[in-house]
Amino acid sequence: MPALGVNIDHVATVRQARLTYEPDPVWAAVLSELGGADGITLHLREDRRHIQDHDLYTMKKTVQVKLNLEMAAEEEMTRIALDVRPDQVSLVPEKREELTTEGGLDVIANFDRVKQCVVQLQNAGIEVSLFIDPDREQIAASKNAGVHAVEIHTGRYADATSAGDQQTEYETLVNVSEFTIEQGLKLHMGHGLTYRNVSRIASIPHVSELNIGHSIISRAVLVGMEQAVREMKALVSI
Ligand code: PXP
């Protein structure tokens, strides 16, 4: 049964729309825990478009479950991560103009920078996961970078518009999942997962963590945060 990491970035997106103090992502994290979240995930972006530094520092003190910081493999973020010491860092690619993290990290092309960042974080006792596309070469490169886990990007599965395309993408995910486990890496997955499409992903053997944001926060606007997390937790608990 995979752990559920709830990504609370969008709560900060609403707050930043008015540059005010509400809704506070820290409150959302508390309610997520009450709803059964196994982890809280937040992305501190270089442009600070949603999560702010103070959110991260406060959550380090208040979150009781696993705190997972998504960030780019850059010097400023590494310095902040080493100061805050979340339980896990997930390294993601970051482009200023993107709406969300659009593709996986190219570990092969950026190997030296990624490896240097991984070593610095691990030396401080922080576990590191790499967010990558469902691609065997990227998984093998991640293994060489010495991380404990990879988070496989499920976006192409989530975006598939026909049953046939979805099946093809699902089979790709199953295939790379087996390879991930063979490499001795922990298998995390995420991006674009919803109440409708999550069940097949949650039942892939050995998947140990799912990170889900947009769909949970969207439902939370209507039914409340705790309830939205509780419903997603029930779907992944299979
Ligand atoms: N995993 C990673 C690495 C991400 O960057 C994101 C988006 O911030 C998610 C999971 C969650 O994606 P979604 O908001 O589509 O559920």
Side-chain angles (χ1 to χ4, degrees), residues 1-9 29 32-33 35-43 59 63-71 81 85-92 101 104-105 107 114 118 121-122 125-158 169-195 197-216 228-238:
M1 175 169 97
L4 174 62
V6 177
N7 181 316
I8 43 73
D9 293 347
S32 297
E33 285 193 36
D38 303 293
I40 300 297
T41 294
L42 69 172
H43 185 174
M59 275 188 239
V63 168
Q64 300 299 319
V65 291
K66 180 174 182 175
L67 186 66
N68 176 33
L69 172 64
E70 288 180 10
M71 59 175 233
R85 297 186 184 234
D87 299 299
Q88 177 174 279
V89 162
S90 297
L91 294 178
V92 300
T101 316
L105 184 64
V107 183
V114 170
V118 168
L121 294 167
Q122 287 178 333
I126 303 168
E127 292 196 319
V128 187
S129 168
L130 303 180
F131 182 55
I132 56 172
D133 287 331
D135 178 304
R136 284 179 175 236
E137 289 180 7
Q138 294 292 344
I139 296 167
S142 301
K143 166 88 178 164
N144 287 337
V147 292
H148 86 294
V150 290
E151 180 174 340
I152 303 289
H153 198 309
T154 49
R156 287 210 303 267
Y157 161 82
E169 297 301 338
Y170 173 72
E171 284 166 16
T172 300
L173 291 173
V174 171
N175 186 288
V176 298
S177 295
E178 286 163 5
F179 185 66
T180 301
I181 299 301
E182 280 164 26
Q183 296 295 304
L185 294 167
K186 284 195 163 189
L187 174 64
H188 301 171
M189 295 182 132
H191 212 280
L193 297 177
T194 68
Y195 293 83
N197 68 21
V198 75
S199 297
R200 292 182 91 191
I201 300 299
S203 57
I204 289 176
H206 306 296
V207 59
S208 59
E209 182 177 308
L210 297 177
N211 286 302
I212 308 177
H214 183 84
S215 193
I216 293 177
V229 172
R230 202 175 294 289
E231 289 175 28
M232 185 60 86
K233 176 77 177 172
L235 287 173
V236 307
S237 301
I238 45 174

Student: Flag the pair V118 / L121 as yes when at least one side-chain heavy-atom distance between them is below 4.5 Å, and no otherwise.
Tutor: no

Student: How would you list all residue pairs meeting salt bridge (Lys or Arg N to Asp or Glu O under 4.0 Å) that involve residues 142-154, not counting sequence neighbours?
Tutor: none

Student: How long is the gap from OG1 on T180 to CG on L187, to the nearest 0.5 Å?
Tutor: 5.5 Å

Student: Which residues satisfy the side chain to side chain contact (heavy atoms under 4.5 Å, CB included) test with V65, sequence neighbours excluded?
Tutor: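 Listed in chain order: E33, I40, V63.
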
Student: So, N68 versus T41: side-chain donor-acceptor pair below 3.5 Å or not?
Tutor: yes

Student: Within the side chain of D87, is there an N or O that forms a donor-acceptor pair under 3.5 Å with the backbone of L67?
Tutor: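 Yes; at least one donor-acceptor contact below 3.5 Å.
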
Student: Considering residues at least two apart in sequence or located in another chain, which fulfil the side chain to side chain donor-acceptor pair (under 3.5 Å) criterion with T154?
Tutor: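 Listed in chain order: nothing, the list is empty.
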
Student: Ignoring hydrogens and angles, tell me if any N or O in the side chain of Y195 forms a donor-acceptor pair with the backbone of L235 under 3.5 Å.
Tutor: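 Not a single qualifying donor-acceptor pair exists.
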
Student: Who are the side chain to side chain contact (heavy atoms under 4.5 Å, CB included) partners of S203, not counting sequence neighbours?
Tutor: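 Per chain and number, S203 pairs via side chain to side chain contact (heavy atoms under 4.5 Å, CB included) with I238.
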
Student: From M189 CE over to S208 OG, what is the distance, rounded to the nearest 0.5 angstrom?
Tutor: 10.5 Å

Student: Start with the C-alpha distance between L91 and V114, add both sets of side-chain angles, then the distance that settles side-chain contact (heavy atoms from CB on, under 4.5 Å), and finish with yes or no.
Tutor: CA-CA 8 Å; L91 294 178; V114 170; 4.3 Å; yes

Student: Just how far is it from atom CD1 of I132 to atom OG of S90, taken to the nearest 0.5 Å?
Tutor: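 I132 atom CD1 to S90 atom OG measures 11.5 Å (nearest 0.5 Å).
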
Student: With R230, which residues qualify under side chain to side chain contact (heavy atoms under 4.5 Å, CB included), at least two apart?
Tutor: E226

Student: Say whether, by atom type as modelled, one donor and one acceptor occur between the side chain of H153 and the main chain of H191 under 3.5 angstrom.
Tutor: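 Here the side-chain-to-backbone pair does not exist.
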
Student: Salt bridge or not between D133 and R156? Use side-chain N to carboxylate O under 4.0 Å.
Tutor: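 Not counted as a salt bridge, because no side-chain N and carboxylate O are separated by less than 4.0 Å.
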
Student: Can you tell me how far CD1 of I204 sits from CG of N175, rounded to the nearest 0.5 angstrom?
Tutor: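 Between atom CG of N175 and atom CD1 of I204 there are 10.5 Å.
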
Student: Distance-only, no hydrogens or angles: does the Y157 side chain make a donor-acceptor pair with backbone N or O of N197 under 3.5 Å?
Tutor: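 Yes, the answer is positive, given that a donor and an acceptor are paired below the 3.5 Å cut-off.
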
Student: Atom CG of L185 and atom CG of L130: how far apart are they, to the nearest 0.5 Å?
Tutor: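 Rounded to the nearest 0.5 Å, the CG-CG separation comes out at 9.0 Å.
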
Student: Is a donor from one side chain sitting under 3.5 angstrom from an acceptor on the other, for Q88 and E209?
Tutor: yes

Student: Say whether, by atom type as modelled, one donor and one acceptor occur between the side chain of D38 and the main chain of L4 under 3.5 angstrom.
Tutor: yes

Student: Provide the full list of salt bridge (Lys or Arg N to Asp or Glu O under 4.0 Å) pairs with a residue in residues 172-188, sequence neighbours left out, each pair given once.
Tutor: none

